[in-house]
Amino acid sequence: MASARIHVSMQSKYDRVVLLVDMDCFFCQVEEKQHPEYRNRPLAVVQYNPWRGGGIIAVNYAARAKGVTRHMRGDEAKDLCPEIVLCQVPNIREKADTSKYRDAGKEVANVLQRFTKLLERASVDEAYLDITETVNHRMQQMQSGAFALQPQELVNTFAVGYPNIGDFVNKITNRFANPYMDDERFQMSYDQNDLPAVRQSDIRLLIGASVAGEVRAAVKKETGYECSAGIAHNKILAKLAAGMNKPNKQTILPLAETASFFDSLPVGKIKGLGGKFGEVVCETLGIKFMGQVVKFTEVELQRKFDEKNGTWLFNISRGIDMEAVTPRFYSKSIGCCKKFPGRNNITGLKTLQHWLGELSSEINDRLEKDFIENNRRAKQMVVQYVQDIDGEEVASSRSTALKDYDQESIVRFSLDLIKANTKTFLRPGSESALNNAIK
DNA sequence: CATTCAGGACAT
DNA sequence: ATGTCCTGA
Ligand SMILES: Nc1ncnc2c1ncn2[C@H]1C[C@H](O)[C@@H](COP(=O)(O)OP(=O)(O)OP(=O)(O)O)O1
Ligand SMILES: [Mn+2]
Ligand SMILES: [Mn+2]
């Protein structure tokens with residue numbers, strides 16, 4: 001789970017303050033901004049309307065209240081919510097083109113970036129921000145009386161384990177008056193070395209929440225978009241917290257609440273454990289909740305899984321995640337793809353060339369834009385394809401180094417790569433029929 | 001017949 | 001370095 005990934009150098013596990021900002025029903029908000037007449041109406045974004053109303057990829061909160069979900073067909077959404085507005089992903093070059101949402105995501109990230117150099121975009125609509133420096137600075141200012149928390153920055157703020165944020169603030173205030181209030185419990189529960197960070201954890205996360213409030217207000221003011229945020233000492237917990245109160249809210253996950261919270265948290269809720277590996281973990285350990293992992297020693301976990309995953313699980317189950325926020329604004333790869341399901345399978349050479357042309361055209365446009373923006377050129381191209389081989393779906397990918405390229409040469413390279421790696425490219429006796437249909 | 005993306009780990 | 005698989009938006 002973590003090897004090439006960079007870890008923060010040996011500070012305490014609780015020294016950082018990390019934000020995860022995630023846009024609310026993002027593609028829907030992009031459509032609502034573009035079409036103000038759709039605001040306050042249930043709305044979903046679909047790809048390809050003709051077949052059963054298209055596939056839904058985003059649902060706004062009014063439509064969610066009616067039971068509409070991602071993966072549904074547009075037709076199903078209409079059944080549940082006849083008044084729903086279905087926006088289509090633009091069809092350009094006969095394929096869905098998501099550039100509009102990528103651009104909107106970049107607009108948001110540009111605002112976020114002003115708050116820290118340590119910004120890592122994690123998807124089109126979310127980013128991690130390491131705001132440790134800002135928090136530490138405000139902490140000092142607060143101690144010298146130069147900074148006070150602004151209550152309006154904490155509206156829509158929640159703290160896990162507390163009925164409302166006021167209770168969390170009161171707890172911090174009381175501890176300030178009586179520093180030894182929780183200290184016995186801290187000394188029992190944490191490493192000696194971590195105690196200074198443990199004692200300051202709540203107040204530093206609260207300051208983090210005030211920063212988060214400013215970040216989210218700036219995003220709203222400058223882009224019109226609303227978002228939610230999680231505030232914690234690491235990426236895994238910030239991500240988890242961000243999803244707990246939405247939309248337009250922010251959630252602190254206090255250090256001392258992590259253990260009890262994990263006791264009833266399904267394993268699959270943790271990023272990285274939502275798929276097959278999470279299933280294997282539950283099966284192997286005979287558990288359902290994250291807190292149950294702490295019953296196992298690190299060596300046991302390493303034996304049942306492997307060294308790295310064992311250590312990772314051991315730490316994560318204790319709320320410990322040392323993965324650094326690695327600054328990255330631009331994507332490492334640019335790609336596009338299209339599926340040809342059922343009777344749309346590509347069976348002829350001419351059709352294959354046509355679609356390679358369309359895909360290459362989009363790629364080439366985006367590469368040119370990227371070159372103008374970032375002054376970089378593609379070094380490698382990868383062509384991925386799924387073939388029908390004796391009724392089986394077989395996925396393959398082949399790559400080649402790139403020196404010079406344009407739309408036309410990308411087509412040529414990709415077709416050559418597919419040819420060179422398909423045993424019998426054309427059906428015997430034919431000059432145009434593919435031996436293996438492309439899906 | 002969800003689809004269109006993107007990043008990371010592992011085996012070789 | 002290359003190809004495959006996994007995870008997640
Ligand atoms: N499986 C998918 N296929 C294609 N696009 C997707 C998929 N999942 C999400 N997206 C797109 C549409 C979403 O608006 C955008 C951000 O995803 P995500 O943050 O998970 O949900 P969301 O922003 O729509 O709602 P939420 O308010 O719950 O965050 O990415
Ligand atoms: Mn989102
Ligand atoms: Mn997201």
Side-chain angles (χ1 to χ4, degrees), chain A residues 1-6 20-28 30 44-59 69-77 88-102 104-105 108 120-128 227 235-236 239-240 242-243 268-281 305-309 312 323 326 328-345 358-359 362-363 366 379-386 393-401 417 421 439:
Chain A
M1 214 71 247
S3 92
R5 296 185 135 127
I6 294 167
L20 183 279
V21 176
D22 184 287
M23 308 308 294
D24 301 323
C25 56
F26 186 47
F27 288 15
C28 296
V30 173
V45 175
V46 299
Q47 293 184 123
Y48 304 125
N49 234 322
W51 199 72
R52 294 181 27 180
I56 293 179
I57 59 172
V59 185
T69 63
R70 184 172 290 151
H71 304 332
M72 262 178 190
R73 292 292 170 181
D75 291 350
E76 297 172 70
Q88 270 189 82
V89 175
N91 248 326
I92 305 176
R93 288 174 266 251
E94 304 169 80
K95 69 174 285 299
D97 186 319
T98 52
S99 299
K100 176 164 72 170
Y101 312 106
R102 265 192 300 274
V108 171
E120 178 178 349
R121 295 190 67 189
S123 83
V124 67
D125 89 321
E126 68 203 65
Y128 293 95
C227 59
K235 287 164 73 169
I236 290 278
K239 170 74 186 162
L240 186 61
K269 298 284 181 192
I270 296 282
K271 192 186 178 206
L273 294 174
K276 295 179 186 181
F277 182 57
E279 283 295 309
V280 170
V281 168
F305 306 102
D306 61 30
E307 192 182 321
K308 198 161 17 174
N309 280 320
W312 186 80
E323 195 182 305
T326 308
R328 187 171 52 72
F329 191 89
Y330 291 102
S331 64
K332 297 178 176 181
S333 65
I334 290 175
C336 68
C337 58
K338 178 166 177 60
K339 279 203 156 196
F340 303 91
R343 59 174 180 72
N344 292 328
N345 283 186
E358 300 287 50
L359 294 173
E362 182 182 328
I363 287 283
R366 287 169 56 193
K379 294 200 297 275
Q380 185 192 41
M381 77 168 272
V382 181
V383 51
Q384 292 173 268
Y385 51 97
V386 178
E393 278 195 16
V394 180
S396 309
S397 80
R398 291 293 182 271
S399 62
T400 186
L417 283 171
N421 293 285
K439 308 202 158 199

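A note on names: the letters A, B, ... follow the listed sequences, proteins ahead of strands, and every chain is numbered from 1. None of these values were measured; they are calculated from a predicted model.
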Identify whether any heavy atom of A/Ile270 sits under 4.0 Å from a base atom; if not, whether one sits that close to sugar-phosphate; answer base, sugar-phosphate or nothing. sugar-phosphate
Closest of C/dG8, C/dT4, B/dG7 to the A/Lys271 side chain is C/dG8
Please determine, for the side chain of A/Arg73, which listed nucleotide (B/dT4, C/dG8, B/dA2) has the closest atom? B/dA2
Over 60° means perpendicular and under 30° means parallel, so tell me whether A/Tyr101 and A/Phe27 are parallel, tilted or perpendicular. parallel
Rounding to an integer number of Å, can you tell me how far A/Arg328 CZ sits from B/dG8 C1'? 11 Å
State whether A/Lys332 places a side-chain N or O below 4.0 Å from either non-bridging phosphate oxygen (OP1 or OP2) of B/dG8. yes
Looking at A/Lys95 and A/Glu358, is any side-chain nitrogen of the basic one under 4.0 Å from a carboxylate oxygen of the acidic one? no
The side chain of A/Arg366 is closest to which nucleotide in this list: B/dA6, B/dG7, C/dA9? B/dA6
Side chain of A/Ser396 only, heavy atoms from C-beta on: which candidate in C/dG8, C/dT4, B/dC5 is closest? C/dT4
Of all the nucleotides listed (B/dG8, C/dT4, C/dC6), which has the minimum atom distance to the side chain of A/Ser397? C/dT4
So, does A/Arg398 get its side chain near the phosphate of C/dT4, meaning an N or O under 4.0 Å from OP1 or OP2? yes
C/dT7 phosphate, OP1 or OP2, under 4.0 Å from A/Lys239 side-chain N/O: no
Nearest to the A/Cys336 side chain among B/dC5, B/dG7, C/dT7, which nucleotide is it? B/dC5
Given atom NZ of A/Lys269 and atom P of C/dA9, what is their separation to the nearest angstrom? 11 Å
C/dT7 base stacked by A/Phe277 (centroids within less than 5.5 Å, tilt under 30°): no
Taking NZ in A/Lys338 as the centre, count heavy atoms belonging to other residues, nucleotides or ligands within less than 6.0 Å. Is the count above 12? yes
Applying side chain to side chain contact (heavy atoms under 4.5 Å, CB included), run through A/Tyr128 and A/Arg328 and close with a yes or a no. CA-CA 10 Å; A/Tyr128 293 95; A/Arg328 187 171 52 72; over 6 Å; no
Rounded off to whole Å, could you give me the CG-to-C1' distance for the A/Asp75 and B/dC1 pair? 13 Å
Rounded at 0.5 Å granularity, tell me how far NZ in A/Lys439 sits from CD in A/Glu393. 4.5 Å
For the pair A/Gln47 (side chain) and A/Ala96 (backbone), establish whether a donor and an acceptor sit closer than 3.5 Å, ignoring hydrogens and angles. no
Tell me which nucleotide among B/dC1, C/dT2, B/dG8 gets nearest to the side chain of A/Ser399. C/dT2
Starting at atom CZ of A/Arg121, determine the distance to atom C1' of B/dG8, rounded to an integer number of angstrom. 18 Å
Please determine whether a side-chain nitrogen or oxygen atom of A/Gln384 lies at a distance below 4.0 Å from atom OP1 or OP2 of B/dC5. no
Contact under 4.0 Å: A/Lys308 side-chain N or O vs B/dC10 OP1/OP2: yes
If you compare every side-chain N and O of A/Tyr48 against the phosphate oxygens of B/dT4 (OP1, OP2), does one of them come in below 4.0 Å? yes
Round to a whole Å and report the spacing from CZ of A/Arg102 to C1' of B/dA6. 10 Å
Rounded distance in Å - CZ (A/Phe27) to P (B/dA6): 10 Å
Counting any heavy atom closer than 4.0 Å, what does A/Phe26 reach on the DNA or RNA strands: base, sugar-phosphate only, or nothing? nothing
Whole-Å gap separating P (C/dG3) and CE (A/Met381): 12 Å
Can you tell me how far P in B/dC1 sits from the matching atom in C/dA9, rounded to whole Å? 25 Å
A/Arg70 has its side chain closest, among B/dA9, B/dA2, C/dT7, to B/dA2
Picking from B/dA9, B/dC5, C/dT7, the nucleotide nearest the side-chain atoms of A/Arg5 would be B/dA9
Spacing of A/Ile363 atom CD1 relative to B/dC5 atom P, expressed in whole Å: 8 Å
